[in-house]
2 protein chains.
Amino acid sequence: MRDLLGGKGANVAEMTRILGADRVPGGFTITTEACVAYMESGGATPAGLDAQVADALARLEAQSGRTLGDADDPLLVSVRSGARESMPGMLDTVLNLGLTDRSVEGLAARTGNPRFAWDSYRRFVQMYGNVVHGVSGERIEQEIRALKARRGVTEDTELDVDDLRELVTTFKGLYREATGEDFPQDPQVQLDGAIRAVFDSWTGERAVTYRRLNRIPDSWGTAVNVQQMVFGNKGETSGSGVAFSRDEVDGSPEPSGDFLPNAQGEDVVSGVRTPRDIRELADWQPAVHAQLMDILRTLERHYGDMQDTEFTVEEGHLYMLQTRNAKRPAQAAVRFAVDAVAEGLLDRGAAIATIDAASLDALLHPTFGNLDYTVLARGVAASPGAAKGEIVFTAKEAVAAAAEGREVVLVRPFTEADDVAGFHAARGILTSEGGKASHAALVARGMGRPAVTGAGDVEIDLAAGEMRVGDVVLRAGDRIAINGTTGGITTDDVPLVEPEISAEFLTVLGWCDELRTLGVRTNADTPQDAAKAIEFGAEGIGLCRTEHMFLGDRQPVMADVILAADDEARTRAIDALRPLQEADFEEILRTMAGRPVTVRLLDPPLHEFLPHPHDLPEGSPERARVESLQEANPMLGTRGVRLGILMPALYEMQVRALFTAAAKVDGANVEVMVPLVDYERELELVRALIERVAQETGVPDGAYTVGTMIELPRACFLADAIAHYADFFSFGTNDLTQTGLGFSRDDIEARILARYIDVGILDRSPFETIDSPGVGQMLRMGAWLGRKTKRDLKLGVCGEHGGDPDSIDFFHHSGIDYVSCSPFRVPIARVAAAQAAIRAPAGVWA
Amino acid sequence: MRDLLGGKGANVAEMTRILGADRVPGGFTITTEACVAYMESGGATPAGLDAQVADALARLEAQSGRTLGDADDPLLVSVRSGARESMPGMLDTVLNLGLTDRSVEGLAARTGNPRFAWDSYRRFVQMYGNVVHGVSGERIEQEIRALKARRGVTEDTELDVDDLRELVTTFKGLYREATGEDFPQDPQVQLDGAIRAVFDSWTGERAVTYRRLNRIPDSWGTAVNVQQMVFGNKGETSGSGVAFSRDEVDGSPEPSGDFLPNAQGEDVVSGVRTPRDIRELADWQPAVHAQLMDILRTLERHYGDMQDTEFTVEEGHLYMLQTRNAKRPAQAAVRFAVDAVAEGLLDRGAAIATIDAASLDALLHPTFGNLDYTVLARGVAASPGAAKGEIVFTAKEAVAAAAEGREVVLVRPFTEADDVAGFHAARGILTSEGGKASHAALVARGMGRPAVTGAGDVEIDLAAGEMRVGDVVLRAGDRIAINGTTGGITTDDVPLVEPEISAEFLTVLGWCDELRTLGVRTNADTPQDAAKAIEFGAEGIGLCRTEHMFLGDRQPVMADVILAADDEARTRAIDALRPLQEADFEEILRTMAGRPVTVRLLDPPLHEFLPHPHDLPEGSPERARVESLQEANPMLGTRGVRLGILMPALYEMQVRALFTAAAKVDGANVEVMVPLVDYERELELVRALIERVAQETGVPDGAYTVGTMIELPRACFLADAIAHYADFFSFGTNDLTQTGLGFSRDDIEARILARYIDVGILDRSPFETIDSPGVGQMLRMGAWLGRKTKRDLKLGVCGEHGGDPDSIDFFHHSGIDYVSCSPFRVPIARVAAAQAAIRAPAGVWA
């Protein structure tokens with residue numbers, strides 16, 4: 001019923017069933033369908049809604065024995081949003097609805113507490129004016145401050161009935177100013193306005209931004225929960241609070257939370273008054289504390305997950321207003337999973353299912369080793385992890401510095417498409433403008449670079465080459481550190497600590513390995529990456545790119561290979577590269593100690609290994625040759641297996657180096673991978689070359705395998721033909737996305753993504769999560785056709801999607817054997833693979 | 001049986017059946033399978049072949065009453081190739097096989113004609129040595145010339161028996177020199193050698209090149225025909241000739257051909273002696289002439305096509321050695337088709353099927369109006385059509401000149417990848433090196449640019465900036481004209497004549513229009529192109545690109561639109577463009593007079609309308625903005641509908657201009673086309689914009705349609721979703737090929753294609769003929785899914801494949817409604833569409 005009633009509505013209904021009607025205030029829910037109809041009609045009340053609300057309200061009145069707006073004993077209600085997925089604080093709420101000039105007196109008389117009645121009324125006028133008609137919150141606070149100053153008091157609770165009456169009058173004035181109308185005295189009008197306000201808040205800027213960041217579809221809409229008010233502000237035996245069934249930060253078993261005596265819920269969360277720790281509830285009202293602890297256990301057992309609740313105590317009686325599965329940081333999620341199994345609350349599979357695999361990222365990035373640093377400024381925690389280095393103010397400087405091996409942090413007012421190269425080169429990114437959805441934030445998260453954005457106190461003066469925070473002036477070359485997990489910025493030389501995997505995390509990962517059927521390998525080009533990945537549990541290398549081995553010192557030699565005037569010169573240059581390649585491979589094979597290592601033959605366009613033509617003398621033959629290798633669209637050009645066909649000596653050298661290295665390493669497990677195959681004959685030709693070199697280097701048949709990347713749409717359509725020459729397929733979902741969508745990654749992420757999310761075309765980058773109806777179906781077609789030819793064809797995925805939980809779920813169900821991802825994503829992939837297996841067994845292709 | 005016996009073998013067998021055994025010399029055929037086995041084994045005689053040949057030979061000996069190598073009455077045979085498709089002159093032939101020192105005497109005695117016997121023997125020794133063992137043809141000719149000089153004679157026929165004996169001895173010496181062995185005296189050895197030589201000639205360079213050009217698979221192999229010799233060199237009542245059943249140049253009904261009395265076939269084709277016109281046969285041997293005329297009619301009736309035959313007259317008896325469907329130039333093909341229907345030989349469909357649609361190209365290109373020009377030099381006719389203009393020696397100059405509106409011919413020793421931009425800019429291409437398969441030839445044909453290649457007499461001195469032909473020196477800026485249909489080059493100011501469509505061609509096109517079900521539209525961006533296309537029979541415009549309308553004078557305004565600092569400036573710039581666009585559209589719509597006009601909204605990346613960043617001041621904001629619009633892979637970047645989403649004002653302006661123009665033209669038939677759609681929501685948004693503008697400009701619903709290009713693999717997979725917002729799909733097969741194959745057109749054609757053809761990956765560019773198993777299947781998937789959503793969804797193709805006969809056949813069978821191609825390809829498309837319909841009815845999607 002969650003889709004229709006929203007999370008809150010569904011949970012309240014269920015909670016009433018479990019805890020009994022005397023623990024949960026009565027109410028009713030207006031479904032998300034009504035909200036959708038409201039949005040689609042451009043704000044018209046959906047047909048029949050009024051009648052249904054009237055009907056439900058009549059039942060609530062009958063049940064409570066009170067009537068909305070009654071002069072004698074009025075029913076008061078709260079009107080709250082309730083989306084399918086919780087969006088805390090993003091949607092509107094109106095409390096104490098039903099109070100009027102008439103009914104406030106009834107409430108005062110009936111409760112014998114005029115101060116409570118008038119406090120409730122002033123809260124309602126204030127909240128209704130603000131939420132439903134946009135009366136300025138700042139103006140409201142000014143009036144309260146002014147009154148307190150006149151009365152010489154500091155706390156709201158020190159205001160007396162007359163003060164509160166005066167505030168009501170003042171707020172009504174503000175309402176008239178804002179709307180041109182008197183504050184409504186008809187509770188039906190109030191209810192109607194509040195319901196519309198909740199609907200409208202769904203399309204408010206705050207909510208839209210939140211949904212973008214959390215990938216909640218705009219089309220869902222919100223439900224509206226109308227619930228009888230209970231009062232935490234009825235005096236010293238009343239109060240309101242929030243309670244988690246376990247510690248919400250570290251996940252330890254003791255419940256945590258906050259409460260405030262004599263207060264309504266919004267006082268607890270608004271921060272106006274400092275709340276008290278939930279443990280102090282035991283001193284204040286021990287019976288209520290015992291009831292709450294018991295209820296938290298009951299709810300946790302019922303929902304099989306850690307709970308986040310809201311409660312109100314009205315004159316000693318505990319009411320539960322809401323419960324939901326608690327959002328929690330990664331360490332708490334892991335701790336809960338382990339404890340839940342130990343306590344017999346959940347079995348392993350169910351425990352693993354409670355973890356948000358993507359959130360584990362936070363446990364795998366560097367952090368500040370010293371938490372006691374001087375905060376220079378704060379910004380938005382836009383992309384997790386910590387970074388430090390010298391300040392650079394342009395992407396160009398970042399690239400230059402990185403080339404010299406210096407660590408830098410790129411500091412910009414904001415970033416644009418042009419700056420993306422700088423993201424690759426920098427350790428972290430800091431901007432003074434923009435939030436979690438800014439270009440800088442999106443790109444940094446996509447790349448796994450730590451980033452702090454929107455640090456408003458930081459003034460960046462590009463002309464002067466300075467950043468200023470108050471009196472502190474920093475220049476290019478000065479050192480800075482940022483923490484993208486917290487938003488902190490410092491000039492202290494904080495140590496960066498590499499993440500360590502906790503014992504609980506190891507336990508969870510062990511369970512995942514038992515449950516999952518999908519293999520997890522890593523993309524690693526260096527022995528260091530390979531070692532890190534093994535530590536994180538990688539079962540092999542799914543993608544060892546060899547192009548990085550031709551950069552640095554070796555670039556000039558590689559340039560000689562490409563630019564050689566004749567075959568002899570080319571052979572000389574290639575011979576110079578071979579021993580270097582051999583050493584690279586040997587070290588990686590040793591590190592992997594018998595685990596499979598998939599080595600991809602050279603893939604990128606040759607011009608990437610050459611100097612820029614503008615750096616060569618005008619008119620020189622060298623420049624002419626370099627220019628002739630430039631391509632309008634290098635992504636679609638002379639690269640991948642096309643290089644192997646055009647310049648077979650290069651591939652031959654690589655294969656020879658690999659086989660020679662493998663011969664020196666006991667149990668070396670080599671898989672040779674040919675990139676960018678379109679036509680089966682391309683693979684046939686390169687396979688023949690590989691087999692010949694294997695013979696020449698004395699490698700026996702069966703001591704290695706040969707496979708291909710499937711990364712072009714055509715290859716998916718012709719996978720049955722290609723499979724004749726392949727022992728394995730590895731789907732290169734990055735390039736398959738680029739070609740399948742006709743979208744270059746740089747361009748979409750830099751220029752298009754933000755706008756496409758805004759107008760509802762995309763909810764995230766297709767390079768982050770696989771585009772399942774398009775690119776995903778190409779992959780499934782390739783997998784199915786490949787297995788038609790060879791039933792036991794091994795299938796892997798080595799695009800960056802291999803580390804994304806949603807994509808991993810898709811791959812599991814597509815019959816893929818393993819994913820390969822960056823070392824830091826390996827633990828995430830292990831958890832996500834287990835979760836996919838828990839949801840359903842793997843797809844099987846006949 | 002053609003696949004197994006080859007064309008020649010199958011035709012000889014069939015001819016024997018039709019004409020009777022006394023008209024066709026006996027023989028047998030070694031199948032193509034044997035050749036394939038021979039090739040695959042690397043030159044080993046296929047198992048069982050020897051025995052089968054011996055068996056067949058024994059039957060032939062029995063039938064003829066003679067024995068191979070017999071000293072008394074020897075059987076002589078010819079050994080000829082016979083591929084599935086005729087490859088005239090490309091494969092080897094050995095005649096007079098079976099002659100030895102012994103049997104030549106038997107032949108002399110039995111025929112009473114020692115000169116004939118020795119002439120046959122010297123021909124055999126000469127041909128066998130040359131063909132089977134590579135004895136130099138030049139050396140052989142030298143010896144004959146030397147002997148004739150010593151004897152003081154000029155004609156071969158003037159040599160007497162002793163001379164011929166002497167030549168045999170000389171040639172045997174040459175044979176020993178070349179092979180280290182004596183000339184074989186065992187006819188079995190001779191036969192074996194000749195068969196192997198024919199097999200080997202299949203993989204000879206000449207044959208391989210021919211197959212590349214004519215797209216004949218290497219894997220077919222050739223059959224070998226062993227046939228009893230008959231002798232045209234037995235004296236004055238003997239002779240040999242070739243005869244066409246109609247005139248082979250213009251197709252007129254009178255048979256044409258050549259013959260030579262007292263000669264073997266190779267004398268007729270070698271050009272050593274000047275042959276006589278076939279009509280003179282009537283004077284020479286009237287009975288033979290009558291028989292031949294009768295046979296030609298019989299064969300033509302039997303095969304239902306114009307025939308190309310070889311015959312020999314042996315002492316007054318006519319033998320037919322071969323017949324095949326005549327290759328013929330386009331005008332002859334058209335004439336034959338019209339006459340064949342008039343004569344009742346064929347019905348219209350069958351007549352149209354005899355035309356090679358692609359060859360019609362030759363009738364549609366400009367030609368030299370004055371055929372009586374001074375030939376400066378000759379080269380290879382590499383790409384049809386005539387062109388003239390100023391000489392330029394570099395692609396860069398060509399581009400610069402074209403930008404100034406000058407017509408140029410690009411002159412290079414040879415061309416490379418870098419020169420491709422120059423091909424676009426030049427009217428024609430001339431190279432001094434390379435043949436029909438050179439880079440220049442391939443690229444020029446791909447683009448439809450006239451080209452003459454390999455003009456060996458032209459010396460190009462790039463350093464001096466000159467081209468020299470003998471004493472003539474030409475410099476850049478001097479005028480030149482080339483004829484790519486004939487290979488001619490001249491400095492005369494020959495007029496270029498636009499092609500006119502002959503009455504016969506119009507007749508054929510009319511029949512085609514009746515038979516075809518596939519519509520034919522044109523790609524046209526200007527009223528001139530549109531008018532030309534209507535003349536050629538286009539039924540509408542399938543693709544009107546609007547980007548060309550923003551170049552020239554308008555480029556600065558377009559640059560203002562893109563670089564506008566604020567919305568107001570942008571609106572001003574856009575407003576300046578609108579009346580210009582409106583005038584463009586109005587003129588085109590008037591020209592098309594009610595025929596459908598599909599207007600594609602702006603497609604290319606914006607940076608194409610901007611100055612080059614290097615031409616702007618360093619550090620200027622304008623340069624920064626222009627640089628920020630540069631993309632690494634513009635093909636995959638911010639273009640197509642993505643522009644419409646990012647900058648809706650631009651699309652809105654285009655749509656407004658179009659609808660305003662349409663309102664001024666009676667019966668305007670407007671189809672608005674949105675390019676590069678990936679996601680249905682992209683089209684939904686742009687369609688909403690179009691519908692809004694339609695309302696605002698007062699265009700009623702139903703007065704226009706909205707559709708999309710399907711040109712990305714994803715769009716094919718999601719075509720059912722996209723079809724909800726589309727009235728039509730137009731498959732953009734150029735871009736679909738680029739993305740589906742991950743192959744940019746420029747790169748593949750410039751760098752990769754030649755090599756890929758060489759190593760047998762491709763047989764032609766996938767941009768020329770659609771890649772049916774890959775890109776073609778994507779198209780079919782898109783078509784099928786689109787029609788699943790909308791049964792009556794209109795489907796077109798507007799890539800350049802729309803003018804390629806093989807691709808048109810594929811589209812016809814894929815249920816496509818119409819193709820759209822360049823104006824000059826429209827007649828070809830009409831014929832190809834009719835041929836496809838004749839082969840089978842159109843595909844239907846349920």
Side-chain angles (χ1 to χ4, degrees), chain A residues 416-418 614 624 627-640 642 645-646 676 678-682 684-685 711-718 721 735-748 750-752 755-756 759-762 766 771 773-775 777-778 781, chain B residues 416-418 605 614 624 627-640 642 645-646 676 678-682 684-685 711-718 721 735-748 751-752 755-756 759-762 766 771 773-775 777-778 781:
Chain A
E416 289 184 299
D418 258 12
H614 288 121
E627 277 178 345
S628 80
L629 287 168
Q630 303 294 312
E631 297 177 302
N633 293 282
M635 175 66 53
L636 306 177
T638 310
R639 49 174 291 237
R642 298 161 197 173
I645 305 287
L646 291 180
L676 214 77
D678 249 331
Y679 301 95
E680 66 270 25
R681 177 135 174 88
E682 292 170 323
E684 182 187 11
L685 289 168
E711 51 187 337
L712 296 171
R714 187 188 201 272
C716 296
F717 278 79
L718 276 297
D735 274 13
L736 192 58
T737 301
Q738 298 203 90
T739 49
L741 271 60
F743 244 142
S744 114
R745 175 162 200 172
D746 290 346
D747 293 323
I748 191 177
R751 292 166 214 270
I752 294 173
R755 173 82 177 157
Y756 265 42
V759 298
I761 296 170
L762 290 172
D771 164 49
V775 177
Q777 294 311 307
M778 293 177 209
M781 173 185 259
Chain B
E416 290 183 300
D418 258 11
H614 287 121
E627 276 177 347
S628 80
L629 287 168
Q630 304 293 312
E631 297 177 301
N633 293 282
M635 175 66 53
L636 306 177
T638 309
R639 49 174 291 237
R642 299 160 197 174
I645 305 286
L646 291 180
L676 214 75
D678 250 330
Y679 301 96
E680 66 269 26
R681 176 134 176 89
E682 291 171 322
E684 183 187 10
L685 288 168
E711 51 187 334
L712 296 171
R714 188 188 200 273
C716 295
F717 277 80
L718 277 296
D735 274 12
L736 192 59
T737 300
Q738 299 203 89
T739 49
L741 271 60
F743 245 140
S744 114
R745 175 163 200 172
D746 289 347
D747 294 322
I748 193 176
R751 293 166 211 271
I752 295 174
R755 174 81 177 158
Y756 265 42
V759 298
I761 296 170
L762 290 172
D771 164 49
V775 177
Q777 294 311 307
M778 293 177 210
M781 173 187 260

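Sequence lines set the chain letters: A, B, ... in the order given, protein chains first and strands last, and positions in each chain run from 1.
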inquiry  = Less than 4.5 Å to any heavy atom of chain A: does that hold for the side chain of B:L718, its backbone, both, or neither?
reply    = side chain

message = Could you tell me if the side chain of A:H614 sits less than 4.5 Å from the side chain of B:H614, heavy atoms only?
response = yes

key: Considering all heavy atoms, the nearest A:L636-B:M635 contact   = CD1-CG, 3.6 Å

task = Find out whether B:M781 and A:Q777 are in side-chain contact, i.e. whether some heavy atom of one side chain is under 4.5 Å from a heavy atom of the other.
result = no

Segment of B:P766 engaging chain A (4.5 angstrom heavy-atom cut-off) = side chain

message = Heavy-atom cut-off 4.5 Å, strictly under: side chain, backbone, both or neither for A:L646 against chain B?
response = both

ask   = With B:E684, which residues qualify under side chain to side chain donor-acceptor pair (under 3.5 Å), at least two apart?
value = B:R681

query = With chain B, which of A:I752, A:L741, A:D678 has the greatest number of heavy-atom pairs at distances under 4.5 Å?
reply = A:L741

Member of A:V775, A:T739, A:T737, A:D771 meeting the side chain to side chain contact (heavy atoms under 4.5 Å, CB included) criterion with B:R714 = A:D771

remark   = Checked B:G774, B:G742, B:G760, B:P634 vs chain A; the most non-hydrogen pairs under 4.5 Å come from B:G742

query = Top residue by heavy-atom pair count (under 4.5 Å) with chain A, among B:E680, B:R642, B:R639?
reply = B:R642

task = Could you check which of A:Q738, A:M778, A:E711 has the highest count of heavy-atom pairs closer than 4.5 Å to chain B?
result = A:M778

task = Not counting sequence neighbours, which residues clear salt bridge (charged side-chain N to carboxylate O under 4.0 Å, His left out) with A:E631? List them please.
result = B:R751

Segment of B:I761 engaging chain A (4.5 angstrom heavy-atom cut-off) = both

inquiry  = Does any backbone or side-chain atom of B:F743 lie under 4.5 Å from a heavy atom of chain A? Answer side chain, backbone, both or neither.
reply    = both

